[in-house]
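In what follows, a structure is listed as structure tokens, so that the remarks can point back to it.
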Amino acid sequence: MEEKHNHEHQHEHNHNESCECCHGEHNHSDGCGCGHDHAHEELNKKDFAFKVITGGVLLVAGYIMSELTERGIADIPSFVYLLCFGISYLIVGFDIIKEAIEGIIHGNFFNENFLMGIASVGAFAVGEYVEGCAVVFLFTIGEFLQSLAVQRSRKSIKDMLELKPQAVTVVCDGEEKIVSPEEVSVGDIMIVKPGEKLDLDGKIVEGNAEVDMKALTGESIPASKGVGDTVLAGSVILDGAVKVEATKEYKDSTVSKILEMLENSEEKKSHAEQFITRFARIYTPIVCLAALLIVIVPPLFFGQDWSEWIYRGLSVLIVSCPCALVISIPLSFFAGIGACSKEGILVKGGNFLEALAKADTAVFDKTGTVTSGKFEYVSCECYHCHCTDKNQHRELLGIIAGCERFSTHPLAKSINLAFGHYSDNMEIKDAKNYPGKGVSAVVDGVKYYVGNEKLMREVGIEFAETKLIGTAVYCCSETEFMGNIVFADIIRQDSKDAIACLKKDGVSMTVMLTGDNEEIANDIASKAGIDVVYSKLMPDEKAHKVEELQAQGRNVLYTGDGINDAPVIAQADLGIAMGGAGSDVAVEASDMVIMGDSLSKIAIGRRIARKTTRIVHENIIFSLAVKILIIIGCTIGIFDENAMWLAVFSDVGVCLIAIANSLRAMRVSKRDRKV
Ligand code: ADP
Ligand code: MG
């Protein structure tokens with residue numbers, strides 16, 4: 001009940017966060033449109049202050065009067081201080097009792113409010129008025145501090161991302177106009193000056209600049225971007241003013257996607273969270289039963305003092321409140337996810353963070369993952385004109401580039417970068433993609449196939465396999481073999497270190513899957529330090545390999561670039577997409593996205609994930625241990641008349657300590673970052 005309450009609260013808070021645009025330096029008449037009551041949080045604080053001050057004053061006044069009377073210093077009629085206690089209790093405890101009753105009505109008996117309600121009413125019943133008031137008083141303060149801590153940490157996680165939208169300068173009828181990001185539509189030209197942040201994804205149409213994408217990719221080295229390049233929302237233009245044509249609306253832009261993902265990540269409950277929810281459902285009734293037995297059994301069967309044992313039972317009830325776990329565990333995961341975002345790693349839920357920590361087998365796609373995906377031209381053989389000088393192969397290169405024009409495969413991109421201009425005057429129709437094999441298209445009225453040996457065999461054309469080592473792209477028409485180009489795939493700079501680091505951190509097996517040929521695959525794998533290689537695989541065969549590994553009881557994380565490997569990403573226990581910034585498909589299909597272009601981020605993410613799960617375990621063990629000790633102490637009576645006080649303080653204290661511990665997951669140390 002209380003947990004739900006908190007949740008709603010945070011949601012509102014999140015809203016506050018994401019619509020901060022409307023009370024910044026620029027005021028838009030239409031407001032932020034979130035329809036949310038911004039005064040709400042303020043109101044809550046006032047409410048809290050009123051309760052605590054009036055309740056506290058009455059409690060202290062009552063306490064002083066009762067003490068004075070008891071010690072014979074003054075003679076105050078008992079109804080006066082009883083009235084003080086009663087009113088104090090009603091003011092502070094009203095909401096607790098109300099929520100406890102609401103819980104009962106909704107069939108949800110066993111929650112913190114219920115425990116605290118019974119304990120405080122019980123204390124009154126046995127004449128422990130001060131304790132009864134103190135229980136609700138401290139519980140209220142504790143709850144408030146907890147939700148404050150949770151809110152603060154959520155806010156700082158979001159601030160950490162520094163992705164809050166600003167104002168956008170657009171060119172409108174030749175004039176510069178400042179508008180909110182939501183008002184910009186696709187095709188508008190935005191002016192971004194040095195030091196400014198881009199709020200919408202777009203394409204540079206004028207000027208060039210150094211662009212810092214740290215907020216997105218966690219990569220601190222700026223990239224040079226010029227006319228025609230894509231720039232993503234969240235990037236900062238360091239020098240040089242540029243004009244950028246918006247290619248997406250604000251709500252579809254990268255930043256909004258990231259924030260949305262961060263918010264949705266809360267819905268994907270981790271196993272630890274699910275465990276706690278289930279645990280609380282069993283734990284709380286058991287505790288209530290135990291407390292009841294403590295109250296009944298000794299007086300009834302062993303002639304003990306009733307009020308003494310009622311007091312002990314009530315103390316047990318108070319201390320066993322599970323709020324430390326209910327609050328700190330989701331917070332830990334949220335903090336861990338936040339830390340990952342800061343590094344340019346998007347994790348779509350606590351469960352995936354857990355999967356990352358647990359993974360013992362790391363499987364990689366080759367092209368664009370272990371390798372950079374930027375192929376280098378090696379050679380070209382033309383069977384059409386029979387000569388080897390590439391300048392004379394304009395026709396073949398043009399046909400190949402033409403067929404690849406619409407493909408998103410890294411090979412296609414490299415081909416178009418190198419030879420795209422040869423196909424400028426060609427008319428391309430009916431472009432078709434054969435995942436894991438290649439493409440076909442009608443170029444100037446003739447149908448051509450461009451791809452690997454498999455595709456050539458499928459077309460049924462006799463072709464000559466190249467002797468050169470590299471990734472060969474063959475080309476044929478329906479009747480004639482045209483020739484090939486050979487490309488060399490370059491291993492990423494950090495692949496070797498990243499893989500070594502994963503192995504050091506407990507990944508026992510590394511595997512590379514590729515549709516490419518064996519020699520290349522073995523070469524790249526040995527350079528990267530990967531143990532096992534499977535080559536010449538089709539996308540569905542890659543998924544089967546992952547399934548086989550899972551059948552051996554392995555926890556598999558798979559990393560690919562999202563091109564031709566969506567089924568594998570889906571099959572793995574954790575599907576990771578590389579180079580996610582900008583590629584929507586990969587972002588949608590995966591459980592985790594590496595925004596930048598570096599494999600090391602997986603190792604870094606895994607360290608964060610392991611730290612987060614460790615913190616969660618620490619919190620579970622710590623709070624249960626303290627609670628069990630105090631429960632035992634209360635039961636055997638070693639705390640005497642201080643038991644109830646101790647119970648309240650330890651409950652609130654444990655909870656705050658657990659929260660503070662959770663927040664450690666937010667920090668990424670230099671050592672965590674070192675690969
Ligand atoms: P990888 O497993 O290395 O990521 P893919 O599964 O994407 O590779 O593709 C496997 C093979 O299919 C590539 O090595 C290439 O030979 C061929 N191929 C795929 N797409 C294309 C394309 N657009 N153009 C040419 N060849 C392609
Ligand atoms: Mg691939």
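Please read all numbers here as calculations on a predicted model, not as lab measurements. We count ligands from 1, going down the list as the structure has it; atoms in each ligand are counted the same way.
The heavy-atom pair separating Tyr422 from Gly398 by the smallest distance is CB-CA, 3.7 Å. Between Asn208 and Gly226 the shortest heavy-atom distance is CB-CA, 3.6 Å. Residues Met190 and Val168 approach most closely at SD-CG1, 3.6 Å, considering heavy atoms. In terms of heavy atoms, Gly451 sits closest to Met456 at N-CE, 4.1 Å.
Distances between N or O atoms of Thr471 and those of ligand 1 include no value under 3.5 Å. Checking only distances, Tyr434 never comes within under 3.5 Å of ligand 1, N or O to N or O. Considering backbone and side-chain N/O atoms, Lys542 comes within less than 3.5 Å of an N/O atom of ligand 1. Residue-to-ligand polar distances place Glu404 within reach of ligand 1: an N/O pair is separated by less than 3.5 Å. Among the atoms of Ala472, none of the N or O lies under 3.5 angstrom from an N or O of ligand 1.
At the shortest separation from atom 7 (O) of ligand 1 among protein heavy atoms lies His409 NE2, 2.7 Å. Among all protein heavy atoms, the one lying closest to atom 10 (C) of ligand 1 is Gly515 CA, 3.4 Å. The protein heavy-atom contact nearest to atom 12 (O) of ligand 1 is Gly436 O, 3.0 Å. When hydrogens are left out, the protein atom nearest atom 21 (C) of ligand 1 is Gly438 CA, 3.6 Å; that is the closest non-hydrogen contact. The closest protein non-hydrogen atom to atom 3 (O) of ligand 1 is Thr367 OG1, 2.4 Å. Regarding atom 16 (O) of ligand 1, its nearest protein heavy-atom neighbour is Asn452 CB, 3.3 Å.
The aromatic rings of Phe481 and Tyr474 sit tilted relative to each other, their planes meeting at an angle between 30° and 60°.
Distances from atom 26 (N) of ligand 1 to the heavy atoms of Asp565, Ile485, Leu411 show the closest one on Leu411. Nearest-heavy-atom check against atom 17 (C) of ligand 1 across Lys437, Lys536, Lys454 picks out Lys437.
When distances from the Mg ion (ligand 2) to the N, O or S atoms of Asp365 are compared, OD2 comes out shortest.
Under a 4.0 Å criterion applied to the non-hydrogen atoms of Thr514, ligand 1 contributes the atoms 1 (P), 2 (O), 3 (O). Every atom of ligand 1 with a heavy atom of Val439 under 4.0 Å away is listed here by number and element: 23 (N). Close approach to Gly451 involves these atoms of ligand 1, each under 4.0 Å from a residue heavy atom: 25 (C), 26 (N). Within ligand 1, counting atoms from 1 as listed, the ones closer than 4.0 Å to a heavy atom of Asp516 are 14 (O).
Of the candidates Thr371, Thr514, Thr471, Asp489 forms a side chain to side chain donor-acceptor pair (under 3.5 Å) with just one, namely Thr371.
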* Asked: Please walk me through it: do Lys348 and Asp591 pass salt bridge (charged side-chain N to carboxylate O under 4.0 Å, His left out)?
  -> CA-CA 6 Å; Lys348 294 193 184 171; Asp591 307 320; over 6 Å; no

* Show your working on salt bridge (charged side-chain N to carboxylate O under 4.0 Å, His left out) between Glu343 and Arg673 and close with a plain yes or no. => CA-CA 9 Å; Glu343 294 298 313; Arg673 255 191 224 114; 2.7 Å; yes

* Steps toward salt bridge (charged side-chain N to carboxylate O under 4.0 Å, His left out) verdict (Asp565, Lys542) -> CA-CA 8 Å; Asp565 57 9; Lys542 291 183 186 176; 5.3 Å; no

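Contact of the Asp494 side chain with the Val675 side chain is not registered, since no non-hydrogen atoms from C-beta on lie closer than 4.5 Å. The closest side-chain heavy-atom distance from Lys503 to Thr510 is below 4.5 Å.
Proximity of the aromatic rings of Tyr558 and Phe364 is defined here by a centroid distance below 6.0 angstrom, and this criterion is not met.
Contacts with ligand 1 closer than 4.0 Å are made by side-chain heavy atoms of Asp365 only, the backbone lying farther away.
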